[in-house]
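Inspection log for the structure reproduced underneath, given as structure tokens.
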Amino acid sequence: MKIACIGGGPAGLYFAISMKLRDPAHEIEIFERNARGVTFGWGVVFSDLTVDNITRNDPVSAAAITGELAHWDDIDVHIKGETITSGGHGFIGIGRKRLLEILQDRASDLGVALHFEAECDPADAKWQGYDLVIASDGLNSRFRNATAEAFGVDTDVRLNKFIWLGTNKAFDAFTFAFEETEHGWIWAHAYRFAPDCSTFIVECSEEVWRAFGFAEMEQAETIAVCERLFAKYLDGHSLMSNAAHLRGSAAWLNFPRIKCERWASGNVILLGDAAHTAHFSIGSGTKLALEDAIKLAEVLNRDGLSLAAALDEYQAERNLEVLKLQNSARNSTEWFEALDRYLHFEPLQFAYSLLTRSQRISHENLRLRDREWLEGVERWFWKRATAGQSNKTAPPMFAPLKLREMEVANRITVSPMAMYSAADGVPNDFHFVHYGERALGGAGLLFTEMTCVSPEGRISPGCTGLWNAEQVAAWTRIVDFVHANSAAKICLQLGHSGAKGSTKLGWEGNDVPLDDGNWPVMAASDVAWSPANQVPRAMTRADMDAVRDEFVAAVRLGIDCGFDMVELHAAHGYLLSSFITPLQNRRTDEYGGSLENRLRYPLEVFAAMRAAWPSDKPMSVRISATDWAGDDGVTPDEAVEIGEAFAREGADLIDVSAGQTWAEQQPVYGRMFQTPFSDKVRNEGRLATMAVGNIYEPDHANSILAAGRADLVALARPHLVDPMWTLRAAAQLDYRDIHIPPQYLNGMSQLARNLKREAEMAAALRA
Ligand SMILES: Cc1cc2nc3c(=O)[nH]c(=O)nc-3n(C[C@H](O)[C@H](O)[C@H](O)COP(=O)(O)OP(=O)(O)OC[C@H]3O[C@@H](n4cnc5c(N)ncnc54)[C@H](O)[C@@H]3O)c2cc1C
Ligand SMILES: Cc1cc2nc3c(=O)[nH]c(=O)nc-3n(C[C@H](O)[C@H](O)[C@H](O)COP(=O)(O)O)c2cc1C
């Protein structure tokens, strides 16, 4: 094949090498606009895995690269006068310039033609003379942008400003230095890539950048300011730029996250940064470029594959890896953009939050890296959780939490789940066994399903309710069992279905109206949930009074049942949620329009419930922190305001769920996918929160809690199939100080022993 590679960065060079290794007959030319030896940037970091990949692909260049890698293990986080050091991170780095020299030499040895100072123009007709034109021309790729639509380019320019500098100070650890200045916070990411050379990236928000006047400074002045700000880390060394030709503030960048729907069009194929970028804070751009290069060379030389099939295969095989990394990179980028949220943390928790920001490193990963440090974090967590009473070194999920006078024994909760199994709102033997079993399973707090305040407020004929004595008796039996046989507390979730009412049992069809016997429904406005559902009556003030009073009456009955806590369900598109979301609320009176107006009625109900509920017992509210509708619906920023408003009325915990507020929602699912909303509400609103949504491993729970992203962690579906989820986690983590029903003690010890043995065998196999 006759191939032109546009750009002699890691992607273009390594692709040429990988092609030649597979078939020396390929004719490959690389066109690089810069002169030999001229490049931007300083060092790049790799992982052991990348080294394995390049060693398998080309042992010769890999040997030259690994011979020059700088290694370091520790991460130092400097903040508020403290240095938090954690070990075991195992980084390797190399100078970008040195990497390119090695790859250039190797490419030349293999017969690749290298042309330097060769600026390429995509409009030039000569490119038609090549079988393939590899657009390895970096993130600003001219060859991609010339036909951006053909590639489906999606660029997201991120908020913070950064400048990539170098220094001769040799940092022994990967260093994050956060400095509070007269203009706000500014920080550096620094790491050594050669014996006497380190990368030093300075980052700050656009606001701080403007306040410093960086926008008006020449590079030399910028560098002088950065040297002054970070003097205590530089030990007299200066900062250096190798983009000195850039005038004014041009050396400062905003990171562009790039995605492309298609990686090939005509004879042009995107490779490396031209196809996708991953924020520098997770240091994976070069790794992705090298791995793309290996894969493209491999599919192009795979027997029996047509060119079109090979290109499809290239994108299909690389896309998943790229998406995973871009996802982690997005989390990491957002962490730095939302830095203000975490600055109130104590330095240890701040460092933990920083280390786990991308969600690629979890609590147990940190234990493997540096057990002693992680145990220090656990001791710190327990100390705070117990107001200094406990010095325990144990997973955060088992630490107690006090809300008013109620103390939950641990941080795991059984999330509210409608069972659709009651008749006339009365819980029966199914509910008795269901709740009883989950209480025995070790969770600290159990939520009831949405229990409705009136017959018309039910979602389905199978919903539980709390409006009469029969229901009180049935709930009392359940609550008494929970209290007598477990350490769990039990919270009554109260709700009204609104426009989503009068529908079938969950498993007969979600939100599908009954075949017959429908009852009239009401909501904030006369907006039907879907074309198939009834149009609700827009509530009059008299309706609002009546429903508020039903909530209060149910709270009073909840006291009779002995519940420990009450939650108001104001999420998921039900009655109170229909006031909060602008997608359902079309009112023009004081209950519609602004967020303040839309919150007015839900807050009134909450305040009335709070007044009826004992002041020593806690209350929570479940909210949908986003409508998954962009700016048309409730946004995460508004969720903070919503949380704050309920807290002012006496909510002790904000139960942060999301969505289900309109039928056309576009949620973004994934592991722990709603936790970022809990993080935001908790740390911007300084409120206690509960996170929920696809949290299923003890490791998820511990990471969320230790990083201060929530105070409680709720699991719904995992508890449906495993009522003993918390006890199983305790066995897995070898934690014994948990209430185990005495009848089950034998089983727990055996499970713990077996799990321990299996873990030891797995570790021995790995070794
Ligand atoms: C601040 C910062 C820090 C980073 N840190 C790391 C890190 O620690 N680890 C890591 O792995 N990655 C890091 N990266 C990312 C990394 O630099 C890129 O992901 C990687 O270089 C991508 O390789 P590439 O070959 O696709 O593109 P590039 O390295 O950008 O190479 C593209 C080449 O094409 C040339 N070119 C462009 N247009 C033309 C044209 N029209 N004609 C001729 N030549 C052209 C350019 O001169 C350049 O040499 C960082 C990036 C930034 C911005
Ligand atoms: C069968 C079922 C019933 C549910 N019923 C309720 C409910 O009554 N009240 C409520 O607030 N959430 C309800 N939810 C939502 C869950 O509490 C939880 O927020 C959601 O399932 C995400 O958590 P998970 O990924 O751990 O399942 C229900 C979920 C399921 C699966």
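In each ligand, atom 1 is the first atom listed, and ligand 1 is the first ligand listed. Values below: every heavy atom of this structure, side chains too, minus hydrogens, waters and symmetry copies.
- A cation-pi geometry, defined here as NZ or CZ lying under 6.0 Å from the six-membered ring centre and within 45° of its normal, holds between Lys500 and Tyr574.
- No side-chain donor from either of Thr50 and Asn53 sits under 3.5 Å from a side-chain acceptor of the other.
- Remark: Trp529 CH2 to Ser502 OG distance equals 15.5 Å, nearest 0.5 Å.
- For the 3.5 Å distance criterion, the side chains of Ser241 and Gln219 qualify, holding a donor opposite an acceptor.
- At least one N or O atom of Asp273 sits closer than 3.5 Å to an N or O atom of ligand 1.
- The protein heavy atom nearest to atom 8 (O) of ligand 2 is Met450 N, 3.0 Å.
- The residue among Gln493, Met417, Arg622 with a heavy atom at the shortest distance from atom 9 (N) of ligand 2 is Gln493.
- Annotation: Ala11 places an N or O atom under 3.5 Å from an N or O atom of ligand 1; distance criterion only.
- Nearest protein heavy-atom neighbour of atom 27 (O) of ligand 2: Arg717 NE, 2.6 Å.
- For atom 11 (O) of ligand 1, the nearest non-hydrogen atom from the set Asp137, Thr286, Leu288, Leu139 belongs to Thr286.
- Within the listing of ligand 1, atoms 43 (C), 44 (N) sit less than 4.0 angstrom from a heavy atom of Phe31.
- With ring centers used as reference points, His189 lies under 6.0 Å from Phe176.
- The shortest N/O to N/O separation between Tyr191 and ligand 1 falls below 3.5 Å.
- The distance from atom CZ of Phe171 to atom CZ of Phe200, rounded to the nearest 0.5 Å, is 5.0 Å.
- For Thr503 and Asp511, the side-chain atoms include no donor-acceptor pair closer than 3.5 Å.
- Residue His569 has at least one heavy-atom neighbour below 4.0 Å for each of these atoms of ligand 2: 9 (N), 10 (C), 11 (O).
- Within ligand 1, the atoms closer than 4.0 Å to a non-hydrogen atom of Lys287 are 11 (O), numbered from 1 in the order shown.
- Atoms of ligand 2 found under 4.0 Å from any heavy atom of Gly693 (numbered from 1 in listed order, with element): 22 (C), 23 (O), 25 (O).
- Only side-chain heavy atoms of Ala289 come within less than 4.0 Å of ligand 1; its backbone N, CA, C and O stay farther off.
- Considering backbone and side-chain atoms together, Phe143 places no N or O closer than 3.5 Å to any N or O of ligand 1.
- For Asn160 and Glu203, the side-chain atoms include at least one donor-acceptor pair closer than 3.5 Å.
- Those atoms of ligand 2 with a heavy atom of His572 less than 4.0 angstrom away are 11 (O), 12 (N).
- For the residue pair Thr689 / Ser678, a side-chain donor-acceptor distance below 3.5 Å is found, with atom types taken as modelled.
- The proximity of Ser141 to ligand 1, defined as any non-hydrogen pair under 4.0 Å, does not occur for either the backbone or the side chain.
- Between Asp121 and Arg142 there is a salt bridge, since a side-chain N of the basic residue sits under 4.0 Å from a carboxylate O of the acidic one.
- Scanning His279, Glu203, Arg33 for the heavy atom closest to atom 45 (C) of ligand 1 points to Arg33.
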Are Arg33 and Glu117 close enough, and set up right, to give a salt bridge (Lys or Arg N to Asp or Glu O under 4.0 Å), and what steps lead you there? CA-CA 4 Å; Arg33 61 155 68 120; Glu117 298 180 72; over 6 Å; no
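- Side-chain polar atoms of Tyr130 and Glu29 form a donor-acceptor pair below 3.5 angstrom.
- Here Ala278 has no heavy atoms under 4.0 Å from ligand 1, in either its backbone or its side chain.
- At least one heavy atom of Phe162 lies less than 4.0 angstrom from ligand 1.
- Using a 4.0 Å cut-off to heavy atoms of Ser415, the atoms of ligand 2 that qualify are 16 (C), 17 (O), 18 (C), 19 (O).
- Residue-level proximity to ligand 1 for Arg96 is carried by the side chain, the only part with a heavy atom below 4.0 angstrom.
- Between the side chains of Glu449 and Tyr435, at least one donor N or O lies within less than 3.5 Å of an accepting N or O.
- For atom 14 (N) of ligand 2, the nearest non-hydrogen atom from the set Pro416, Gly659, Ala418 belongs to Pro416.
- The protein non-hydrogen atom at the shortest distance from atom 20 (C) of ligand 2 is Ala716 CB, 4.0 Å.
- Listed by atom number, the atoms of ligand 1 under 4.0 Å from Ala118 heavy atoms are 42 (N), 43 (C).
- Polar contact check, Pro10 against ligand 1: a nitrogen or oxygen pair lies under 3.5 Å apart.
- For the residue pair Arg622/Ser415, the side-chain donor-acceptor check at 3.5 Å is satisfied.
- Close approach of ligand 1 to Ser136 (heavy-atom distance below 4.0 Å) involves ligand atoms 32 (C), 33 (C), 34 (O).
- Taking any N or O of Ile201, backbone or side chain, none lies under 3.5 Å from an N or O belonging to ligand 1.
- Taking the side chain as every heavy atom from C-beta outward, Asp273 and Ile258 never approach each other to under 4.5 Å.
- Those atoms of ligand 2 that come under 4.0 Å of a heavy atom in Pro718, given as number and element, are 26 (O).
- Between the side chains of His276 and Gln326, not a single donor N or O lies within less than 3.5 Å of an accepting N or O.
- Heavy-atom proximity to Phe280, at under 4.0 Å, picks out these atoms of ligand 1: 2 (C), 3 (C), 4 (C).
- With a heavy-atom cut-off of 4.0 Å, Asn34 touches ligand 1 through its side chain alone.
- Below 4.0 Å from some heavy atom of Leu715 lie the following atoms of ligand 2, by number and element: 26 (O).
- Residue Leu13 holds its CG atom at 10.5 Å from OG of Ser18, rounded to the nearest 0.5 Å.
- Close contacts between ligand 1 and Gly272 involve ligand atoms 26 (O) [criterion: under 4.0 Å to a heavy atom].
- Salt bridge Lys97/Glu101: absent, no basic N to carboxylate O contact under 4.0 Å.
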